[in-house]
Protein chains: 4
Amino acid sequence: MVKDNEQTKQKLLNAALEIFTEKGYYETKVSDIVKKAGVAQGTFYLYFQTKESIFTSIIKSTNEVMIDQVERIFTEKASPLMSKEEFMQRLHETVYSCMSVYRDHKAIMYMMRVHGASQFGEAEQVVEAWNECLLGIIIKLFHKFQLFPSYNEFQFEIAARAIDGMLNETCMQYLILRDSTDEQISQISGVVTEMIYDMTLGRTQ
Amino acid sequence: MVKDNEQTKQKLLNAALEIFTEKGYYETKVSDIVKKAGVAQGTFYLYFQTKESIFTSIIKSTNEVMIDQVERIFTEKASPLMSKEEFMQRLHETVYSCMSVYRDHKAIMYMMRVHGASQFGEAEQVVEAWNECLLGIIIKLFHKFQLFPSYNEFQFEIAARAIDGMLNETCMQYLILRDSTDEQISQISGVVTEMIYDMTLGRTQ
Amino acid sequence: MVKDNEQTKQKLLNAALEIFTEKGYYETKVSDIVKKAGVAQGTFYLYFQTKESIFTSIIKSTNEVMIDQVERIFTEKASPLMSKEEFMQRLHETVYSCMSVYRDHKAIMYMMRVHGASQFGEAEQVVEAWNECLLGIIIKLFHKFQLFPSYNEFQFEIAARAIDGMLNETCMQYLILRDSTDEQISQISGVVTEMIYDMTLGRTQ
Amino acid sequence: MVKDNEQTKQKLLNAALEIFTEKGYYETKVSDIVKKAGVAQGTFYLYFQTKESIFTSIIKSTNEVMIDQVERIFTEKASPLMSKEEFMQRLHETVYSCMSVYRDHKAIMYMMRVHGASQFGEAEQVVEAWNECLLGIIIKLFHKFQLFPSYNEFQFEIAARAIDGMLNETCMQYLILRDSTDEQISQISGVVTEMIYDMTLGRTQ
DNA sequence: GATGAATGAGGCTTCATTCAT
DNA sequence: TATGAATGAAGCCTCATTCAT
């Protein structure tokens, strides 16, 4: 029955994610995964061709979800015509949502960042895709709000990457490496929101 | 002879750094290292106890140098009494110097970030030490300039990590993953400097 | 239903023969066989106990047929009283028929010779049985025609094996490894017939 | 020291030949080989890349030797101008020498014929090379002695293959599958020589 | 100190066979 | 009878480490 089929595959995926997250790709043995999943060694190979392929499979599928979620979050949240308060409110919501995405995919993010998942052809592209996704969104927003009018293409990109780095680092520290309460996440996004505002719309000028 | 001794050890360290950087810890074989160093397999174990120990040794020693350099850079560069122009000038210099440190230790940084060097007890501490180093400096500066007066301890830390993330990401992208000219590095630190200024001293109250 | 039963078994036998022939015993997987037969993995074991047993089963049953055919061919075809022309005619027919047997069981012969099917207890006996069959026939004919009167038992056997080898090799080359037309097979048996004649009845006494 | 080096390699080759001969390629485990050679599992891979490569290596090198030996044997042994007695004498010597070659490389021949060594790309070529070698020699002799004047190209080849098969089969039976004394080998080559003579120079007509 | 051959534990993967449905 | 998911033993190979010279 397909149901059973999928169940086993899912058990393997869950086990693999957990152990990859804990130990990284190389320290994870296929035997660890099957043991945790509660199936036999051979069963693994009914669902995945190689150890690498389950790894790639995990980060690829998660990544698609994350990119999708993030893109949805940033769409049509804010407009240049808003008042500062309204804008801040929206920005805060956006940052908060974005952080939730990180939290929901904690294990994957951990794997990608801490264990440096960019070692295999496909995984590398995934990490890159994720980076470019956020960057693209930020740049699009810059244009929408006509920020940094004096900046050239290159400077634009730098600014976007700086914000990307800010978000990434805070998410990493407070959502991936530590567990934070909703209350704390709200505070974190509050600080980040303010900073982003100050660097952009709120620039002294 | 000690001289010879050190020479061989250095050859191994150089070779190891190069290959670790290129392939990461796990994909690097001791046999690769000795081949590149031009010594015999057994010789490796005259200088390092294990493969892990040469790895740790490399990132530890480099890290000390980096931390030292960065701390020196941030010391006494700026003071709250300066004019904005002067302050900006100093900050720019500081960021630029900081970027130079990244560039000078490109390989190590690459290893730490891209390959996720935080897998072994000691290496993990090194990565952490580096993060804490920058963070500490930033927090100290916040205090010195009495920034974010309304922030509590937690928010303070968040803000510091955000800036840390900004710096890290831009360094990563432009100095570690790509090669940038001095001219470009100057532009990059310019943008970052402005952003930092806007988020801190230049805040719209 | 027995009918269905037999059908499935036959499908498996056909598939197995084809793949064994193509890849040899070891490179053939049970999964290949069932796939080609269009049945499930488990079904295989309803009809055959092991992979080895289907293999043995195939060559054994085929071998019986072949031995039977060959024995019939050689029976009462020629007699010492014939004229040379008549004898040659009969010998030619015999060799031709013999070659047809090889051709009809091409796959099995291929398996036995090219893949060296003599690795398992039973299979080995089959190959041997086949060899002894031909050899026996040839020796019987030698006696019937009172050939090699000066030869002792040992020499007799050598001569028989030599002819056996001749037949085998030409069959192998032209019927098993290559496809030959009826016309060509006729030529081949012509040459072989002449040679056999020259070595036996036609000997320069 | 190179001496030791070669010694270990030779131990492995000897062990491998012995076990391949006994069990065939697939039933031979690398662990069997190293056990018989008295070295560790890993040592095997210092000298051979894979199990297949030691197999190929063995039959390739032996084959070169055999081909060389056989070609030397057949060179300038007989000439069309000889008397029958002299010719028979030479032919007998030739066949005898040829049989010695088989005997000297018994194990390899066994492997090639009985286990059907033609399963891997390179091994296949080796078997073919050996077949073509003998065939070529026989055809050359046919031309030299202007045998079978009425035969066309195709018939020529058939005749050559027939003789090849005769030689092969007798060698196989008496030198590879059984052990024969020198005395016996002499008898065998005697019979074969007579047969070859009868089929060729001694043809009625 | 330097060498490099030798070691052997342990990982990944295959595949014949079983078994619950 | 038929299915096909599950099993697990066993093989090949890698590579960090040791050791005799």
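Quick caveat, the model's predicted, so the values are computed rather than measured. Chain identifiers are assigned alphabetically (A, B, ...) following the order of the sequence lines, protein sequences preceding nucleic acid strands; residue numbering begins at 1 within each chain.
Within the structure, salt bridge (charged side-chain N to carboxylate O under 4.0 Å, His left out) contacts touching residues 37-49 of chain B (residues at least two apart or in different chains) do not occur.
Nucleotide F/dA16 holds its P atom 9 Å from the CZ atom of B/Phe20, rounded to whole Å. We find that OH of B/Tyr47 is positioned 18 Å from C1' of F/dT17, with the value rounded to whole Å. Summarising the geometry, the separation between OH on B/Tyr26 and C1' on F/dT14 is reported as 16 Å, rounded to the nearest angstrom. For the pair D/Lys35 NZ and E/dA6 P, the computed distance is 19 Å after rounding to whole Å. Rounded to an integer number of Å, the gap from CD of D/Glu27 to P of E/dC15 is 14 Å. Rounded to a whole Å, the CG atom of D/Leu12 is 12 Å from the C1' atom of E/dA5. Distance, A/Ile33 CD1 to E/dC12 C1': 11 Å, rounded to whole Å. When rounded to the nearest whole Å, the span between CD of A/Glu6 and C1' of F/dA5 equals 13 Å.
With contacts defined as side-chain heavy-atom distances shorter than 4.5 Å, the pair A/Met112/A/Val126 qualifies. For the pair A/Leu177/A/Tyr110, a side-chain contact is recorded, criterion being any heavy-atom separation below 4.5 Å from C-beta on.
For the pair A/Lys51 and C/Ser31, nearest-nucleotide mapping onto DNA chain E gives the more 5' position to A/Lys51. Two residues, B/Gln49 and D/Val30, neighbour DNA chain F, and the one matched to the more 5' nucleotide by heavy-atom proximity is D/Val30.
Put simply, OG on C/Ser61 and CE on C/Met66 are 11.5 Å apart, with the number rounded to the nearest 0.5 Å.
The shortest distance between the side-chain N/O atoms of D/Tyr45 and the OP1/OP2 oxygens of E/dA6 is not below 4.0 Å. Distances shorter than 4.0 Å separate some side-chain N or O of B/Thr8 from OP1 or OP2 on E/dA2.
Residues meeting the side-chain hydrogen bond (donor to acceptor under 3.5 Å, both in side chains) test with C/Glu18, sequence neighbours left out: C/Lys36. Legend: residues meeting side-chain contact (heavy atoms from CB on, under 4.5 Å) with A/Ser57, ordered by chain and number and at least two apart, are A/Leu13, A/Phe48. Every side-chain contact (heavy atoms from CB on, under 4.5 Å) that B/Leu46 has, sequence neighbours left out, goes to B/Thr43.
Note: B/Phe20 and B/Tyr25 have parallel aromatic rings, judged against thresholds of 30 and 60 degrees for the angle between ring planes.
Contact annotation for C/Ser53: no contact, since no heavy-atom pair falls under 4.0 Å across all strands.
The rotation axes computed at either terminus of the helix from E/dA2-F/dT21 to E/dT21-F/dA2 lie 10° apart, taking five pairs at each end and rounding to 10 degrees.
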Interface polar pairs with nucleotides 7-10 of chain E, N/O, under 3.5 angstrom:
unit_1	atom_1	unit_2	atom_2	d
E/dT7	OP2	D/Ala40	N	2.8
E/dT7	OP2	D/Thr43	OG1	2.7
E/dG8	N7	D/Gly42	N	3.2

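Remark: side-chain polar atoms of A/Lys29 are paired, donor with acceptor, to backbone N or O of A/Tyr26 under 3.5 angstrom.
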